[in-house]
J.: 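Pasting a structure here, questions to come.
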Amino acid sequence: MPKFYITTSIPYVNARPHVGHALEFVQTDVIARYRKAKGYSVSLTTGSDENSLTNVLAAEKLGIGVRELCDANSLLFRSMADRIGLSYDAFVRTSADKDHAAVAEAIWGRCSKSGDIYRKKYKGLYCVRCELYYTESELVAGLCPEHKVKPEVVEEENYFFRLSRYQDRILELVEKGTVRITPDGRKNEVLSFVKSGLEDFSISRSVKRAHGWGIPVPGDPSQIIYVWFDALGTYLTGAGMPSDMKRFGKLWPADVHVIGKGIARFHAVYWLAMLISAGLELPREIFIHGYVTIEGQKMSKSIGNVVDPIDMIEKYGADPLRYYLIKNVSTFEDGDFSEKALREAINSELVGNLGNFVNRTLTFISSKLDGKIEEQELGEGALAMKNVAGLVDDVDALLADGQLNAALLKVMEISGMGNKYFQDSEPWKLVKEGDGPAAREVLFVCANICRILGIVAWPFMPAASEKLLGYVGCGTHNFAQARKLVKKFAVVRPQILFSKVE
RNA sequence: AGCGAGGUAGGGUAGCCUGGAGUGCCCGCCGGGCUCAUAACCCGGAGAUCGGUGGUCCAAAUCCACCCCUCGCUACCA
């Protein structure tokens, strides 16, 4: 069985999860489940990024300890992962996972051995209030854009990573697609960034600047490893490094890193260089999604429009939220979230289209045909099955290509087709007229379409899919089964798959 | 400012590369049909100067030029 190793990025835990995080979890999970349904042995790593100054500052603001903040918020992220159905195998906490500290140290050691780490004085414009360095161009009239104060010139000796050395190598890897950057637009951005010239970057902070929070530099307790230099290592930690190198040997390299557009560079440039330097294999693909806006506006605390995915799950369920995030948010561009649109999608698409088709089919079979249906000679129904088969191929191809949004539309087309076939065939009339065989043919076809729907919907809406497959008595969600005709069904009277919202 | 992506009915999209009646899809809206089904489903309809201007061509959403608007990227900052 071929392996497939996929990761989500690890969010900072300075605040609660928002729908943007949910989007990434869902996209990642859809890809992971699709691969499972294709017969891959899939592993998925997620986690939380905790060794950052942002978290320290957030904790100070709240008047609690960093440890406390990280524990609490990490738990929230984990809880969201669980509730949204993210099928993860490892949840790495960068500040609490012993293996992870070991990984960070190992990466450091390996890069150092390659001669890519050196000490250098760093001089920059530092805003004490932000606790951040600014470049000249970021300043507004020479002042910090946030606090309108003049930044201080601060000098600090740090460790640097010799990124410049890898410019040509990265350019080639990305250009040739050895490391695939999806979508192409992002790939071009990465290329233009690399072409503009790569400079070495600082990979440590003084303990003071880091407020003593983070993983110490091996052999130099006065310095803390820069958060990104440790955070990226979670992908290795999750694969088993260093405690289970057998597992790691099987899983690494990652097949896909799913990330948001804001951190593309860290993955497509820094991470690749770090891995080359450390003598480790490179990920095969970096999959970059857009951001979620709320009712057309950027999500922000000051506007107060942050949407809590856990609230949405409690209100509408995980599958409907998953459905919405894939269907209404384009896979690679920014997309919008609105509760109104979510409700409309549930009522008209999940309830009205998919849920109704399943319900009318299964209810019909159980009330009019004793719940049993067997293979029939196919007349008109053969064409319907052929069309469905074509759509299954489409779903498969689109998912393989990462076009999650388009794939889900095709899934919905299948139930749309089922509804139309059911309607046009009017089996209820056939039953009244006493034409049993004709009615049985229609329902035999519809039962198969339901089953196929259950299979292709599984990556997107696993709970509903499993329920549905249970009703038709076919447990498997393996994609290959979607291309076969099941000959005999014993159907149970279904419960409603999705409930209408008022 | 430089580089890149995009502007198609009320919203969201496909079509553009390889010109040929504004052709399609998902919602919303209006009307009709049906009754197996969660007032659901099926059919039909209204609604677009395809960002603007000019050009090439028998013919342009599609090719070219210019302009307007939106959005991304431009390093140590999710």
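Per chain, numbering begins at 1; letters A, B, ... match sequence-line order. Worth knowing before you read on, the calculation uses all heavy atoms, side chains too, and leaves out hydrogens, waters and symmetry mates.
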J.: Is the A/Trp228 ring parallel, tilted or perpendicular to the A/Phe266 ring (thresholds 30°, 60°)?
T.: parallel

J.: Any salt bridge linking A/Asp220 with A/Arg119? Criterion: basic side-chain nitrogen under 4.0 Å from a carboxylate oxygen.
T.: yes

J.: Rounded to whole Å, please give me the gap between CG in A/Leu398 and P in B/rA14.
T.: 13 Å

J.: Starting at the 5' end of RNA chain B, which residue's closest nucleotide do you reach first, A/Thr363 or A/Gly352?
T.: A/Thr363

J.: Using 4.0 Å as the upper bound for N to carboxylate O, is an ion pair formed by A/Arg322 and A/Asp29?
T.: yes

J.: I'd like a list of close polar pairs between nucleotides 31-35 of chain B and the protein, N/O only, cut-off under 3.5 Å.
T.:
unit_1 : atom_1 : unit_2   : atom_2 : d
B/rG33 : N2     : A/Gln423 : NE2    : 3.3

J.: Under 4.0 Å between any heavy atoms, over every strand shown, what does A/Tyr291 touch: base, sugar-phosphate, or nothing? Just pick one.
T.: base

J.: Within the 4.0 Å limit for protein heavy atoms, which parts of nucleotides 24-30 of chain B are touched? Write it as a string from 5' to 3', B for base, S for sugar-phosphate only, - for none.
T.: --SSS--

J.: Under 4.0 Å between a side-chain nitrogen and a carboxylate oxygen: does that hold for A/Glu339 and A/Lys315?
T.: yes

J.: Classify the nucleic acid contact of A/Thr54 as base, sugar-phosphate or nothing, counting any heavy atom under 4.0 Å across all strands shown.
T.: sugar-phosphate

J.: Expressed in angstrom and rounded to an integer, what is the separation of A/Glu333 atom CD from B/rA14 atom P?
T.: 8 Å

J.: Check the distance between B/rA75's P and A/Phe201's CZ and give it to me in whole angstrom.
T.: 15 Å

J.: Quickly work out the A/Ile449 CD1 to B/rC36 P distance and round it to whole Å.
T.: 20 Å

J.: Would you mind classifying the nucleic acid contact of A/Asn419 as base, sugar-phosphate or nothing, using non-hydrogen atoms under 4.0 angstrom?
T.: sugar-phosphate

J.: Take the protein atom CG of A/Leu198 and the nucleotide atom P of B/rC76, then report the distance between them rounded to whole Å.
T.: 13 Å

J.: Looking at A/Asp370 and A/Arg440, is any side-chain nitrogen of the basic one under 4.0 Å from a carboxylate oxygen of the acidic one?
T.: no

J.: Please report, rounded to the nearest Å, how far the P atom of B/rG11 is from the CD atom of A/Glu339.
T.: 22 Å

J.: Nearest-Å distance, NZ (A/Lys340) to P (B/rG12)?
T.: 13 Å

J.: Round to the nearest Å and state the distance from A/Glu199 atom CD to B/rC76 atom P.
T.: 10 Å

